[in-house]
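The block underneath contains the structure these notes are about, expressed in structure tokens.
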Amino acid sequence: MVCCPLCCNNEPFETVNGIDKKDYRYYRVCKLIFSYPKDLPTLEEERNCYLQHRNGIEDKRYVQFLNQAVIPAMDYLQQGMECLDFGCGPVPTLSIMVKRNGLPYDD
């Protein structure tokens, strides 16, 4: 039995299929979806992938990736709320996207 890395629940998990055709674990209690350990990249693969990131507003793939979180979150964000973009990288992107959706954002 595998413990959920978020809530430490030991209940059985479900397997869900991702858009990338991989199987993922899903815990109903906390709703976490995460990779099977065998599907995680090696440290070298992860580093090589990271070095290819440009993570700027001009990178359409990166913006598309962030929109998976930004668009659903917009229904919950209100004027006066504060946001933290932890791990945002060397250039602003998320802040620009949120501003474009009508909310103030302090870089």
Side-chain angles (χ1 to χ4, degrees):
M1 185 74 54
V2 176
C3 176
C4 172
L6 181 63
C7 69
C8 295
N9 191 318
N10 284 335
E11 297 204 13
F13 59 87
E14 294 178 35
T15 298
V16 295
N17 301 103
I19 60 172
D20 58 2
K21 309 284 191 240
K22 291 182 182 177
D23 290 334
Y24 292 88
R25 290 179 174 164
Y26 170 67
Y27 281 95
R28 284 187 180 269
V29 176
C30 67
K31 299 186 180 2
L32 179 69
I33 297 173
F34 64 102
S35 294
Y36 282 82
K38 67 176 179 56
D39 291 330
L40 295 174
T42 65
L43 289 177
E44 185 176 340
E45 290 169 334
E46 191 173 344
R47 183 177 186 280
N48 288 339
C49 182
Y50 178 78
L51 291 174
Q52 294 177 28
H53 290 186
R54 297 296 168 251
N55 294 4
I57 195 70
E58 67 285 341
D59 183 340
K60 292 181 183 189
R61 288 178 45 206
Y62 183 58
V63 170
Q64 183 179 12
F65 168 75
L66 289 178
N67 268 328
Q68 294 177 86
V70 171
I71 292 170
M74 291 307 296
D75 290 339
Y76 301 96
L77 301 177
Q78 300 170 7
Q79 297 292 335
M81 287 184 161
E82 295 183 20
C83 301
L84 171 64
D85 184 1
F86 183 77
C88 60
V91 296
T93 303
L94 188 60
S95 61
I96 294 170
M97 294 170 64
V98 170
K99 284 178 190 175
R100 286 180 179 171
N101 280 287
L103 288 173
Y105 194 104
D106 188 12
D107 292 337

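All of these numbers come straight from a predicted model, not from anything done at the bench. The residues of the chain are indexed from 1 along the displayed sequence.
Smallest separation of non-hydrogen atoms from Thr15 and Tyr36: OG1-OH, 2.8 Å. The two residues Arg25 and Pro37 come nearest to each other via the heavy atoms NH1-CD, 3.9 Å. Here the closest heavy-atom approach between residue Met97 and residue Val63 is recorded as CE-O, 3.6 Å.
For the pairing with Asn48, the side-chain contact (heavy atoms from CB on, under 4.5 Å) check across Glu45, Glu44, Glu46 returns one residue only, Glu44.
By the 30° and 60° cut-offs, the orientation of the rings of Phe34 relative to Tyr27 is parallel.
Judged purely by atom type and a 3.5 angstrom limit, Ser35 has no side-chain atom pairing as donor or acceptor with the backbone of Leu40.
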Carefully, step by step, assess Val16 and Asp23 under the rule side-chain contact (heavy atoms from CB on, under 4.5 Å). CA-CA 6 Å; Val16 295; Asp23 290 334; over 6 Å; no

Would you sort out whether Arg100 and Val70 count as a side-chain contact (heavy atoms from CB on, under 4.5 Å), showing the intermediate values? CA-CA 11 Å; Arg100 286 180 179 171; Val70 171; over 6 Å; no

Yes or no on side-chain contact (heavy atoms from CB on, under 4.5 Å) for Asp39 and Tyr24, after CA distance, side-chain angles and deciding distance? CA-CA 9 Å; Asp39 291 330; Tyr24 292 88; over 6 Å; no

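Remark: Glu14 pairs with Arg28 by the side-chain hydrogen bond (donor to acceptor under 3.5 Å, both in side chains) rule, at least two apart or across chains. Every residue meeting the side chain to side chain contact (heavy atoms under 4.5 Å, CB included) condition with Leu6, not counting sequence neighbours, appears here in chain and number order: Cys4, Cys30, Leu32. Residues meeting the ring-ring contact (aromatic ring centres under 6.0 Å, His included) test with Phe65, sequence neighbours left out: none.
With values rounded to the nearest 0.5 angstrom, Tyr62 atom OH is found 7.5 Å from Leu94 atom CG. Distance CD/Glu58 to CD1/Ile96: 8.5 Å, rounded to 0.5 Å.
By the 6.0 Å contact criterion, CG on Leu51 is enclosed, its count of non-hydrogen atoms from other residues, nucleotides or ligands being greater than 12.
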